[in-house]
Number of protein chains: 2
Amino acid sequence: MTEAFPGTPGESGRGTSYPVPVPKNPRDDKPLDPTDLTLVRLLEQDGRMSNAMLAREVGIAESTCLVRVRSLRERGVVRGIHADIDPVAVGRPVEAMIAVRFGGHRRSHFEQFTQEVPELPGVIGAYHVSGAIDYFVHVATESADALRDFVLDHLTNRPGVLHAETALIFESLRGRGTLTRDAVDPSRPSA
Amino acid sequence: MTEAFPGTPGESGRGTSYPVPVPKNPRDDKPLDPTDLTLVRLLEQDGRMSNAMLAREVGIAESTCLVRVRSLRERGVVRGIHADIDPVAVGRPVEAMIAVRFGGHRRSHFEQFTQEVPELPGVIGAYHVSGAIDYFVHVATESADALRDFVLDHLTNRPGVLHAETALIFESLRGRGTLTRDAVDPSRPSA
DNA sequence: TCTGAAATTTTTGTGAT
DNA sequence: ATCACAAAAATTTCAGA
């Protein structure tokens, strides 16, 4: 019951040029004590909260808090801290979720796509999934024309891709820190 | 062509107890100069980069940088800054993308769902889209059982919902700051 | 592993260009 | 709008419990 979990599924945040991430031990899974969970929740809600305030909120010394937060990053619990940008404000008002189907299902096709899709212009996220669809690609483009071009140039026109179906996004919503609430440790209320 | 979408797409970060967000002027859209775009890109890659380093990177005084970053937040260009958490590490190793279809398409159903879905346990994001599907819900759960319960309790069993189709996520990928690269201002190369 | 206090760095306001 | 400078506040380190 203290067993914890199998493997690490997704990698993501890559720092630019300084001392941060590089999960030193991806398989290092101790179940996180309540203090860590609280820190995680706070940083999920406001990734720029100062170390001093974090320490106050969870009731530990600042230096201790610093160590714990650093440990969370090193262990890959906190993969990265990123600004959430309004696509409209940066000239990409047309958002879409594109369902991509591959044919043949050769491993090399998936591996190449997995490697390249995060770098494609306007890509916010991508999800390799089970079922009839192989990938969902979340993208923001400058216009409907640019969206069509994106699909044709980077998806349809790709070795292995059979079909891409585009759904315009009317509204994007973010979860509100519910990752760290409920279940996780059934013996505590919610703190 | 500059039409964009109906409303403001996503709200998100809720600060805990200090001076931040509350976009004072959501429709205040001046096209962002190259310096702002660079700041946005840097913060997208590392939301915790210090103001001093941001200033150095873009080549302006620290105090100026502070003003610009604050302005970006006030204008809603930067909607929030959030830690990206590994769901596995917080006891939610089963990730899924759930396609939800509504029947009847009553506005009240969508409005209620839009309001409630970000608070549902384990929800990372949700997307109201055009086409055959009405919503994609991105969720992380503690187990396959918990996923089934989530779908039954919060989606299928909801007024207006016709159908929910679940795709397990094998791997989640994040875009790499490509929102602020390429086109945006067609008259400049790329900065 | 945690702490408290010292050393260092960053944030933030002011006044001038 | 921008900058340089200085005071205030924060981060980070470290010796010791």
Side-chain angles (χ1 to χ4, degrees), chain A residues 2 4 13 15-22 24-25 28-40 42-78 80-83 89 185 188 191, chain B residues 13 15-22 24-25 28-40 42-78 80-83 89 185 188 191:
Chain A
T2 32
T16 29
S17 66
Y18 60 104
V20 226
V22 189
K24 70 167 174 189
N25 215 340
D28 192 350
D29 36 4
K30 315 169 188 173
L32 296 197
D33 66 25
T35 302
D36 284 331
L37 280 179
T38 306
L39 290 174
V40 163
L42 291 171
L43 286 172
E44 196 184 0
Q45 288 167 351
D46 179 2
R48 255 197 115 94
M49 185 176 292
S50 78
N51 182 70
M53 185 174 291
L54 288 171
R56 252 177 281 135
E57 292 278 331
V58 304
I60 57 179
E62 295 179 9
S63 43
T64 307
C65 187
L66 202 67
V67 169
R68 291 185 89 119
V69 170
R70 188 176 329 189
S71 163
L72 287 171
R73 302 204 73 172
E74 282 168 355
R75 283 184 284 168
V77 176
V78 173
I81 296 181
H82 306 279
D185 182 355
R188 329 194 95 241
Chain B
T16 29
S17 65
Y18 65 106
V20 229
V22 189
K24 72 167 172 190
N25 215 341
D28 191 349
D29 36 5
K30 314 168 191 177
L32 297 196
D33 66 23
T35 302
D36 283 331
L37 280 179
T38 306
L39 289 174
V40 163
L42 291 171
L43 285 172
E44 196 184 0
Q45 289 168 350
D46 179 1
R48 251 192 120 98
M49 186 176 292
S50 77
N51 181 69
M53 184 175 292
L54 287 171
R56 252 176 280 136
E57 292 279 330
V58 305
I60 58 179
E62 296 179 7
S63 41
T64 307
C65 188
L66 200 68
V67 169
R68 291 185 90 120
V69 170
R70 191 176 355 222
S71 163
L72 288 171
R73 301 204 72 170
E74 281 168 354
R75 282 184 283 166
V77 176
V78 173
I81 297 182
H82 306 280
D185 181 355
R188 328 194 96 245

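Being a predicted model, the structure only gives us computed values, none of them experimental. A note on names: the letters A, B, ... follow the listed sequences, proteins ahead of strands, and every chain is numbered from 1.
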Distances for protein N/O vs nucleotides 1-5 of chain D N/O pairs under 3.5 angstrom?
residue	atom	partner	partner atom	Å
D:dT2	OP1	B:Arg68	NH1	2.2
D:dT2	OP2	B:Arg68	NH1	3.4
D:dC3	OP2	B:Ala61	N	2.9
D:dC3	OP2	B:Thr64	OG1	2.8
D:dA4	N6	B:Ser63	OG	2.9

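- At whole-Å resolution of the value, CG in A:Leu66 and C1' in D:dA9 are 15 Å apart.
- One atom, CG of A:Asn51, and another, C1' of C:dT9, lie 14 Å apart when rounded to the nearest Å.
- Between B:Leu54 atom CG and B:Thr35 atom OG1 the span is 12.0 Å, to the nearest 0.5 Å.
- In this structure, CG of A:Asp36 is placed 12 Å from C1' of C:dT1, rounded to the nearest angstrom.
- Rounded to a whole Å, the CZ atom of A:Arg56 is 15 Å from the P atom of C:dG4.
- With rounding to whole Å, B:Arg48 atom CZ is found 14 Å from C:dT11 atom C1'.
- Each end of the helix from C:dT1-D:dA17 to C:dT17-D:dA1 gets its own axis from five base pairs, and the two axes differ in direction by 30°, given to 10 degrees.
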Which atom pairs, one a donor and one an acceptor, fall under 3.5 Å between side chains of residues 58-68 of chain A and the rest of the protein, sequence neighbours left out?
residue	atom	partner	partner atom	Å
A:Arg68	NE	A:Asp36	OD1	3.2
A:Arg68	NH2	A:Asp33	OD1	2.7
A:Arg68	NH2	A:Asp33	OD2	2.2

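- Proximity of A:Arg70 to the phosphate of D:dT13: a side-chain N or O atom is located under 4.0 Å from OP1 or OP2.
- Separating the CD atom of B:Glu57 from the P atom of C:dT10 is a distance of 13 Å, rounded to the nearest angstrom.
- Take A:Ser71 and apply the side-chain contact (heavy atoms from CB on, under 4.5 Å) test, not counting sequence neighbours, and it matches A:Arg75.
- Distance check: B:Arg48 CZ to A:Arg48 CZ gives 7.5 Å after rounding to the nearest 0.5 Å.
- If you measure from atom CG of A:Leu54 to atom C1' of D:dT11, you get 12 Å, rounded to the nearest angstrom.
- Scanning all heavy atoms of the two residues, the minimum distance from B:His82 to A:Glu44 falls at ND1-O, 2.8 Å.
- Here the closest non-hydrogen pair linking B:Leu32 and A:Ala89 is CD1-O, 3.5 Å.
- Partners of A:Asn51 by side-chain hydrogen bond (donor to acceptor under 3.5 Å, both in side chains), not counting sequence neighbours: none found.
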- Take A:Glu57 and A:Leu42, measure what side-chain contact (heavy atoms from CB on, under 4.5 Å) needs, and give me the verdict at the end. CA-CA 9 Å; A:Glu57 292 278 331; A:Leu42 291 171; 3.7 Å; yes
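- Take A:Ala83 and apply the side-chain contact (heavy atoms from CB on, under 4.5 Å) test, not counting sequence neighbours, and it matches A:Ile85, B:Leu43, B:Val78, B:Ile81.
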